[in-house]
Student: 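Below you'll find the structure I mean.
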2 protein chains.
Amino acid sequence: MLHVAEVARVSVATVSALINGTATVSPELSQRIEQAIRDIGYKRNAIARSLKMGTTRTIGLTVPHITNPFFTDVVSVIQQAFDRAGYAVMLCCTDEDLNTQDDQIRLLLDRMVDGLIVARVGDGAILKRIVDDANVPVVLLDRVCEGVDTDTVVLDNQRAVFDAITYLIDLGHRRIGYISGSFDISPMHDRMTGYREALQAAGLPVENELVRFGNFHEVDGYNATMQLLSLHDRPSAIFSANNPMVIGTMKAIRDIGLSCPEDISVACFDDFPWSDVFQPQLTTVAQPVQAIGEQAANLLLDRLAGNRDAPPRKLALKGRLMIRNSCRPLGAIAQSISA
Amino acid sequence: MLHVAEVARVSVATVSALINGTATVSPELSQRIEQAIRDIGYKRNAIARSLKMGTTRTIGLTVPHITNPFFTDVVSVIQQAFDRAGYAVMLCCTDEDLNTQDDQIRLLLDRMVDGLIVARVGDGAILKRIVDDANVPVVLLDRVCEGVDTDTVVLDNQRAVFDAITYLIDLGHRRIGYISGSFDISPMHDRMTGYREALQAAGLPVENELVRFGNFHEVDGYNATMQLLSLHDRPSAIFSANNPMVIGTMKAIRDIGLSCPEDISVACFDDFPWSDVFQPQLTTVAQPVQAIGEQAANLLLDRLAGNRDAPPRKLALKGRLMIRNSCRPLGAIAQSISA
DNA sequence: AGAGGGCGGTGAAACGTTTCGAAAATGATG
DNA sequence: CATCATTTTCGAAACGTTTCACCGCCCTCT
C-alpha cells in the first residue's frame, strides 16, 4: 500500500480511503490510485487488516468426523453459507476425542476466528471455560452442552427415535436391539430416551441385554451387532443410533449368514445418498441437514453482524422417518398383510 | 503481552523470548513471567505474529465437492496431517465452478495462507496466473493442470479405467456404455483414454452413441443412463467415471424397471464405505485415498519446511479394481461358468 | 587490574493496515 | 476580497507481535 501510495503520489490514508470507500476521494486521485494498483498488482494484506480491525472474517468449525455423511452434508452447507457472506471457514475434525477438540478450539481461537460452530465432543466443562474467556460467539451444533448457554441447533432426537421405534413396534417387532453411542453427548442420551419411551408406550419391557454401546465407528456397530445376534433369544430388529455403526451392523448380519430384512430388520439414524438405491433400502431417520446447516450459519452470522446481546436461541428441528424396505412386518401383522 | 510485561516488570522482548524460547531468560524472570501469563490468562495473538513473521501456519484447501466420498476422505486425511503439524486448514468447496474457484483462491491468498492444495476446476489458465503471482507453494490434487508446473498427486486414471473396462470385456461384454464428466479436467480425459484403449486392445469399436457426458452430479448420471438404456441396441454394461453420477445410474436402472446385475452390469470410479454392504455390491475403482491425502500433505509440508527450489514432483498412484457382484458374465463366458 | 567474552536483558523499529484529528484546498457568501 | 463552511487530503499513532543492535554485568584469562 505504501508502494501504491508512492507511485500514485498520494498518502497511504488516501489509498485506504479509496479501497474501503470510507471517504470520498476526487476522481483524479482515484484514477491515479487505481492505475497504480493495477500496475503494481497490489493486493490488500488481510492479516494486517485483521490486526488493526480486530476481525478476521474467518470462522472455525469443528466436527467429530467429516466422513460421517451427516457431518459431511452439514459442513458443506455451512461452508457455502459463509462463503456467500465473504467469510472463510477453518475446518477441524476432532475424531470424537476430547483433547483433540480442546487443542483445535484453542488453535482456532489463537487465530482469532470471529466465531465458532462446534459439534462438540465429550463433557462440556472444558468447552465452557474455553468459550467463556474467548470472547467470540459460539453456536453449538447437533449436540447441546450443559452449562454452556449459547445459540444451539439440534434435532428433536427423542421424538425422532420414538417415531422410528414405534414404527418397528407397529410392524409387530417386540424385541428390538438398540445400538447407542456413548452417553456423554446429548443426542445419544435423547435418542435412548426415545427408545425407552416408545417401548414403554407400547407396554413393552426395556431389556438391558438388548441395548449395546459403541464408540460411533463401524467396528463398534459390528461388535455390538454380533453380541445382539448371539443372544439366546435374539432381537427381530436392530436400530443403530448412528450412521457409521450401521455399516458394521450390516456386515455383521452378512457375516453371520443372516439377511436383512428376511431374518432381521434394520433401521438407523442419518440418511445417506445411496440409501434408496441399493438393497436393502435402509429405513432411516433423516435429519434436515440443509436446514440445520443454514440455521447454524444464520445464528452465527447474526451474532457477527453485531447482535451480541440477544438471549441464546435454541432451535430444535424435526427429523423425518424415511420408510424403505429394510424392516419387515412380523407375526400377526405379517399374516394379515399376506392374507 | 505488554500487559504481561508490565505485571512481571520486564520488557516485552523478554516475554517474547521466553514464550518462543529464542533466548535464555533467567529462572527468576521466567517464573515471574509465567505467573503473570497465568494470572492474566494471556494468549498470544497469532494475527500479530503472522503479520510480523510473514507466515500464518494455515493452508488453503479447495475441492469441487466435499460430498463426493473421494474428496470427503481426502479432505479428512489432509486435515489430520496438517493438524499434526500444527497447521490450520481453510476449506473451500468450488462446486465445480470456475469463478467460485477463482474467488476462493483469492480469498485464501488474501488471508496469506502459507500454501495451497487445489483439486482444481476448469481451465488452468487463471489458476496459473493466480498461483504465479502469489508466492506460495501449491500442490495440485487429483487433477493436473497444463502449464502449471508444480507438485502434483494424481491417480493413474488411464490405467485404472483400462483395467476396469478390460475386466468387463473379459466377462463377455461387448457394448459398454461410458458416462464421463466434462473434459476440462484431466482425470476425465485420461479415464476416457483408458476406455478407448481397452476397447481397441480387445479389437472392439469405440461407438460414439455409447459415450455420454455429464456434469458430475447425480442427475447427470441419471439422464445419461436413461439415454443409454433407450438406445436401440442398448449396452450390457455401464461404467460411470465418477461416483455421484453412478447413483443416478442406479436410479435410472431401477426407474426403467431393469435390475443390476441381471439386466445390466455397472461399475464406477471411486469406492465408498457402503459398497460391499448392500446389493448389488458395486464393482469400483478404489483410489488410495489415504496415500493420496498423505502424499499431498507431505509434498506441501516439505515445501513449507523450506524446500522451495526443488523441481516439481509429480506423483501418480495406482488405483485398485474392487471386484464385487454388480457385473455379470455374459454369453459364452456365462455358459462356460454355469456349465 | 584491565581486556575480552558470554550472558541476560532492553528499547525501538518494523510488519501493513485503519483511523483520527488536523491541514489544505475549494466553493460559497456577504 | 475576506470569511466561513465544506470537501479532500494527509501525517502519525495504533494494532500486538518479533528481532536486532546494544548495554551492563559478571566471569575468566593474561
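Labels below follow one simple rule: chain letters A, B, ... track the order of the sequence lines, proteins then strands, and each chain is numbered from 1.
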Student: Would you indicate what A:L29 reaches in the nucleic acid, counting non-hydrogen atoms under 4.0 angstrom: base, sugar-phosphate, or nothing?
Tutor: sugar-phosphate
Student: Just the rounded figure in Å: distance from P of C:dC7 to CD of B:E28.
Tutor: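 B:E28 atom CD is separated from C:dC7 atom P by 19 Å.
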Student: Can you see if the side chain of B:T24 gets near the phosphate of C:dC7 - specifically, an N or O under 4.0 Å from OP1 or OP2?
Tutor: no
Student: Side chain of B:V12, heavy atoms from C-beta onward: which of D:dT18, D:dA12, C:dT10 has the nearest atom to it?
Tutor: D:dT18
Student: In whole Å, I'd like the distance from the CD1 atom of B:I19 to the C1' atom of D:dT17.
Tutor: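 Rounded to whole Å, this separation is 10 Å.
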Student: So does B:R44 get a side-chain nitrogen or oxygen closer than 4.0 Å to the phosphate oxygens (OP1/OP2) of D:dT18?
Tutor: yes
Student: Could you give the NZ-to-P distance, from A:K52 to D:dC15, as a whole number of Å?
Tutor: 6 Å
Student: Check every strand shown and say whether B:S26 touches a base, only sugar-phosphate, or nothing at a heavy-atom separation below 4.0 Å.
Tutor: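 Touches sugar-phosphate only.
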Student: Could you check whether any side-chain heavy atom of B:Y42 comes within less than 4.5 Å of a side-chain heavy atom of B:V7, counting everything from C-beta outward?
Tutor: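 Heavy-atom side-chain distance check fails, nothing below 4.5 Å.
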Student: With a cut-off of less than 4.0 Å, is there a side-chain N or O of A:T14 near OP1 or OP2 of D:dC10?
Tutor: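 Result: yes.
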Student: Would you please confirm or rule out a distance under 4.0 Å between OP1 or OP2 of C:dT18 and any side-chain N or O of A:N20?
Tutor: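 Answer is yes, contact under 4.0 Å.
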Student: Can you establish whether the number of heavy atoms outside B:H217 located under 6.0 Å from its atom NE2 is more than 12?
Tutor: yes
Student: Can you tell me how far P of D:dT18 sits from CZ of B:R57, to the nearest Å?
Tutor: 13 Å
Student: Relative to the 5' end of DNA chain D, which residue comes earlier, B:L51 or B:A17, by the nucleotide with the nearest heavy atom?
Tutor: B:L51
Student: With DNA chain C as reference, determine whether B:A48 or B:V10 sits nearer its 5' end, using the nearest nucleotide of each.
Tutor: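 It is B:V10, whose closest nucleotide lies nearer the 5' terminus.
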Student: How many Å lie between CE on B:M112 and P on D:dT17, as a whole number?
Tutor: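 From B:M112 CE to D:dT17 P: 20 Å.
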Student: Could you check how far CZ of A:R32 sits from P of D:dT9, rounded to whole Å?
Tutor: 9 Å
Student: Classify the nucleic acid contact of B:M1 as base, sugar-phosphate or nothing, counting any heavy atom under 4.0 Å across all strands shown.
Tutor: base
Student: Nearest whole angstrom, please: distance from the P of D:dT19 to the CE of B:M53.
Tutor: 5 Å
Student: Side chain of A:A13: nearest nucleotide among D:dC10, D:dG16, D:dT9?
Tutor: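 That would be D:dC10.
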Student: Would you kindly give the CG-to-P distance between A:N45 and D:dC15, to the nearest whole Å?
Tutor: 18 Å
Student: Could you measure the distance from the CG atom of A:L140 to the CG atom of A:L299? Nearest 0.5 Å is fine.
Tutor: 11.0 Å
Student: Quick one: do A:R49 and B:D110 make a salt bridge, cutoff under 4.0 Å?
Tutor: no
Student: Whether A:R32 and A:E28 form a salt bridge (side-chain N of Lys/Arg under 4.0 Å from carboxylate O of Asp/Glu) is what I want to check.
Tutor: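 Salt bridge present between A:E28 and A:R32.
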